[in-house]
2 protein chains.
Amino acid sequence: MRSYGQYCSVAKALDVVGDRWTLLIIRELLVRGACRYTDLKNGLPGIATNLLADRIRELEAAGLVSREEAPPPVATTLIRLTEAGQELDPVVQALGRWGIRYMAEPAEGDAFCSQWFTFPVEVFLRDRDPDAPPATIELRTAADPAVIEVSGGSVRVRVGSVSAPDLVISGRPQPILGLLTGHLSVPEVTALGVEVSGDHRVLRRVLPDPAGQALS
Amino acid sequence: MRSYGQYCSVAKALDVVGDRWTLLIIRELLVRGACRYTDLKNGLPGIATNLLADRIRELEAAGLVSREEAPPPVATTLIRLTEAGQELDPVVQALGRWGIRYMAEPAEGDAFCSQWFTFPVEVFLRDRDPDAPPATIELRTAADPAVIEVSGGSVRVRVGSVSAPDLVISGRPQPILGLLTGHLSVPEVTALGVEVSGDHRVLRRVLPDPAGQALS
DNA sequence: CGGCATCCTCTTTGATACTG
DNA sequence: CAGTATCAAAGAGGATGCCG
């Protein structure tokens with residue numbers, strides 16, 4: 001990217017990460033951890049392959065990501081964030097919080113990946129009963145399933161499945177997001193075609209107060 | 001900007017503010033408050049005038065800025081952030097903090113504007129003696145002067161001058177920044193051509209601890 | 001398959017000149 | 001002061017090809 005040529009830390013930051021797609025690549029590496037080239041490509045629907053290759057090279061040159069040869073069983077190169085790259089977390093978080101205002105719209109034709117549930121969950125969900133035994137919620141959309149793990153005061157999301165989830169939420173991403181952010185209640189999302197089956201008390205455990213009350 | 005087409009709040013945020021120059025326009029409006037077109041142009045050295053006009057229109061359409069006709073004495077239109085625009089402050093702050101790592105380099109040929117002192121000051125300076133009377137530090141570089149106002153527990157920066165500053169710091173932006181961030185001491189910046197004249201105790205009042213000790 | 005490189009088209013930008 | 005007009009250069013997007 002062409003430098004802004006301004007002696008200001010905001011401009012300097014954007015000199016490095018202000019290019020199109022760059023912060024979304026960082027987002028993927030933050031929520032997924034180390035990735036293969038193909039994982040990145042799948043998590044960034046719409047990116048041109050040459051552009052992804054270019055950006056990874058630029059990020060590597062800037063010291064924000066590094067490549068690592070995985071040992072024989074996997075035998076591929078993994079791309080991971082360096083410490084400087086990880087320190088972009090507050091930037092991506094701030095963007096993710098600010099952008100939540102645009103998630104209410106239907107998003108016709110938008111792509112969706114289950115790891116993107118991470119942002120709303122980190123912002124809105126809390127483990128309000130840290131001493132209770134660990135619990136899991138499985139999220140099932142058209143994309144891969146994701147699991148919310150609630151345990152000892154922390155709430156985490158990861159891509160994947162679990163053998164016996166306490167609660168399963170299936171449906172379109174948008175109403176599920178409405179439920180997780182506390183904007184919609186269980187009856188409301190059910191009316192929107194979302195299926196919520198299992199132990200509803202887990203929801204009360206993680207949802208913020210006003211929504212937790214309105215669950216019924 | 002072409003949409004990323006991803007149902008993710010980070011991507012949605014970048015759909016709106018991810019264009020080149022856009023976040024720097026927000027930066028100017030955050031640190032300067034309402035601005036005329038020309039003020040923005042001066043605070044964004046390097047931007048093409050048509051691009052600035054385009055971006056302002058886009059930001060207006062997105063509801064992040066609004067235009068306001070100033071009353072007769074000024075008789076010009078002011079551009080100001082809406083509430084949604086102001087809420088980008090955490091994003092710009094996070095970028096500004098992350099970008100500080102690139103401010104150590106000499107920045108040969110970079111432009112500088114005095115309002116950009118705002119970011120390091122907000123990050124690094126504190127009023128450690130809130131009950132002391134208000135104090136002011138004037139910063140003089142090749143650009144317009146700026147004033148750091150220390151009063152009642154808060155530290156602010158504004159463009160402009162003051163009649164009788166308690167302390168005056170003159171020189172190149174880079175070593176002055178080193179002083180304000182606590183990376184350089186007064187003797188060190190003096191050796192780099194910075195002149196510090198007045199009541200040095202004001203510096204002890206605002207600088208963080210380790211540097212405050214190392215002033216002598 | 002995973003991991004790119006090439007080629008081509010289209011859009012965005014940067015620089016400068018000009019106007020109400 | 002507050003933009004618009006013009007045009008060349010750079011960058012993005014999309015398709016396809018190559019190689020271990």
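Order of the sequence lines sets the chain letters (A, B, ...), proteins ahead of strands, with each chain counted from 1.
Between B/Ile79 and A/Leu51, the one whose closest nucleotide on DNA chain D sits nearer the 5' end is B/Ile79. Nearest-nucleotide positions on DNA chain C place A/Asp54 closer to the 5' end than the other of B/Asp19 and A/Asp54. Remark on DNA chain D: of its neighbouring residues A/Gly46 and B/Lys41, the 5'-side contact belongs to B/Lys41, judged by nearest-heavy-atom nucleotide. Toward the 5′ end of DNA chain C lies the nearest nucleotide of A/Ile56, the other residue of the pair B/Arg20 and A/Ile56 mapping further downstream.
Following rounding to the nearest Å, B/Arg36 (CZ) and D/dC1 (C1') show an atom-to-atom distance of 8 Å. Regarding B/Leu52, its CG atom lies at a distance of 13 Å from the C1' atom of D/dT4, rounded to whole Å. A/Leu44 places its CG atom 15 Å from the P atom of C/dG2, with the value rounded to the nearest Å. Straight-line distance from the CD atom of B/Glu58 to the C1' atom of C/dT13: 12 Å, rounded to whole Å. Counting to the nearest Å, the P atom of C/dC4 and the CG atom of A/Asp39 are 13 Å from each other. Computed from coordinates, the B/Ile47 CD1 to C/dT16 P distance equals 15 Å when rounded to whole Å. For A/Met1 and C/dT12, the CE to P distance is 15 Å, given to the nearest whole Å. Remark: P of C/dC4 and CZ of A/Arg55 are 15 Å apart, rounded to the nearest angstrom.
In summary, A/Glu60 and A/Arg57 do not engage in a salt bridge, as defined by a charged side-chain N under 4.0 Å from a carboxylate O.
Under 4.0 angstrom from either OP1 or OP2 of C/dG14 there lies at least one side-chain N or O belonging to B/Trp21. For C/dA15, one of the phosphate oxygens OP1 or OP2 lies less than 4.0 angstrom from a side-chain nitrogen or oxygen of A/Arg2. The side chain of A/Arg67 contributes an N or O atom lying less than 4.0 Å from OP1 or OP2 of C/dC4. The phosphate of C/dT16 (OP1 or OP2) has no side-chain N or O of B/Thr49 nearer than 4.0 angstrom. The side chain of B/Thr76 contributes no N or O atom lying less than 4.0 Å from OP1 or OP2 of D/dC1.
Distance alone, capped at 3.5 Å, is enough to place a donor-acceptor pair between the B/Tyr4 side chain and the A/Trp21 backbone. Without hydrogens or angle criteria, B/Ser114 side chain to B/Ala143 main chain gives no donor-acceptor distance under 3.5 Å. Panel note: side chain A/Thr141, backbone A/Gly171; no donor-acceptor pair is recorded below 3.5 Å.
A/Ala53 comes within contact range of the sugar-phosphate backbone alone, with a heavy-atom separation under 4.0 Å but no base atom that close.
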> Stepwise, does the salt bridge (Lys or Arg N to Asp or Glu O under 4.0 Å) test hold for B/Glu87 with A/Arg101?
Replying inline: CA-CA 11 Å; B/Glu87 286 168 5; A/Arg101 70 194 66 212; 2.7 Å; yes
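When each of D/dT4, C/dA5, D/dA12 is scored by its nearest atom to the side-chain atoms of B/Tyr37, the top-ranked nucleotide is D/dT4. Minimum atom distance to the side chain of A/Asn50 is reached by C/dT6, of the listed C/dA15, C/dT6, D/dA2. Comparing atom distances between the A/Ala48 side chain and each of D/dG14, D/dT4, C/dG3 picks out D/dG14 as nearest.
Taking a 6.0 Å sphere around CD of A/Glu195, one finds it holds 12 or fewer heavy atoms contributed by other residues, nucleotides or ligands.
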